[in-house]
Amino acid sequence: MRLNRDIILDRVKDKLALEHLHKELAIASNIQLSLLPPGARLFPDRAEVQAYATMEPAKEVGGDLYDAFFATPERLFVAVGDVSGKGVPAALFMARTITQLRMEAVRRRSPSAVLEAVNRALCEGNDAGMFVTLFCAVLDTQTGQFSFANAGHNPPLLIGADGLPVF
């Protein structure tokens, strides 16, 4: 009887620990998603820009990321990336990456300069050897100039006004 009781108690403890872990992952997922711009139309108050985004994570937390914000009143900065690995470590590195991107996009004009600075910052204290692939771009809403840089990420797909991909 005592052995059965101990087995049952161990199973109950394991179940409670698992439920606690699921709750923590759900909270972490909410925090991570709150770092990203809200889905649907990104800048409803800016008539000159029609930008939409959404992200469906494969797990509770991970390393996929996107960001879009005005670095200056006329410079829209956009980034899409993916951190190596999965789970909580990737989510933490993703948060670090977004923070660096936002700081550098305000300081620097060109996407390549932003990527260089972000790369230097992410390499510091990175004993785990994690990395992120990133595509970033700047749209000058006054001139229509679109400049971009790619650091190992999948190439973007440009869709023309007719709705067809441009190659």
When hydrophobic residues are tied together by side-chain contacts of less than 4.5 Å, even through go-betweens, does Leu122 share a cluster with Met103? no

Gap separating the OG1 atom of Thr72 from the CZ atom of Arg109, nearest 0.5 angstrom: 6.5 Å

Is the shortest side-chain heavy-atom distance between Val138 and Val114 below 4.5 Å? no

How many angstroms lie between atom CD of Glu104 and atom CG of Asn119, to the nearest 0.5 angstrom? 11.0 Å

How long is the gap from CD on Gln145 to CD on Glu74, to the nearest 0.5 Å? 12.0 Å

Separation between CG (Leu164) and CG (Leu158), nearest 0.5 Å, reads 11.5 Å

Does CZ belonging to Phe131 count more than 12 external heavy atoms closer than 6.0 Å? no

More than 12 foreign heavy atoms under 6.0 Å from CG of Asp45: is that the case here? yes

Scanning both residues in full, the closest heavy-atom pair of Phe146 with Ala137 reads CZ-CB, 3.4 Å

Heavy-atom pair with the smallest gap, counting every atom of Val166 and Gly160: CG2-N, 3.7 Å

Under 6.0 Å from the CZ atom of Phe70, do we count more than 12 heavy atoms belonging to anything else shown? yes

Any chance you could measure Phe93, atom CZ, to Ile98, atom CD1, to the nearest 0.5 Å? 12.5 Å

How about Asn154 and Thr133: do any of their side-chain heavy atoms sit closer than 4.5 Å? no

Is there a side-chain contact between Phe77 and Arg75, using heavy atoms and a 4.5 Å cut-off? no

Intermediate values then yes/no, side chain to side chain contact (heavy atoms under 4.5 Å, CB included), Val78 and Leu139: CA-CA 8 Å; Val78 177; Leu139 172 65; over 6 Å; no

Student check: side-chain heavy atoms of Thr141 and Arg46 closer than 4.5 Å: yes

If you compare all heavy atoms of Leu134 against all heavy atoms of Gly81, which two are closest, and at what distance to 0.1 Å? CD2-CA, 3.8 Å

Shortest non-hydrogen pair, Ala117 vs Arg108, comes out as CB-NE, 3.2 Å

Any donor-acceptor N/O pair, Arg102 side chain to Asp67 backbone, under 3.5 Å: no

For Pro165 against Ile159, the heavy-atom pair lying closest together: CA-CD1, 4.0 Å

Nearest heavy-atom neighbours spanning Cys136 and Leu115: SG-CG, 3.6 Å

Close side-chain approach of Val132 to Val118, heavy-atom, < 4.5 Å: no

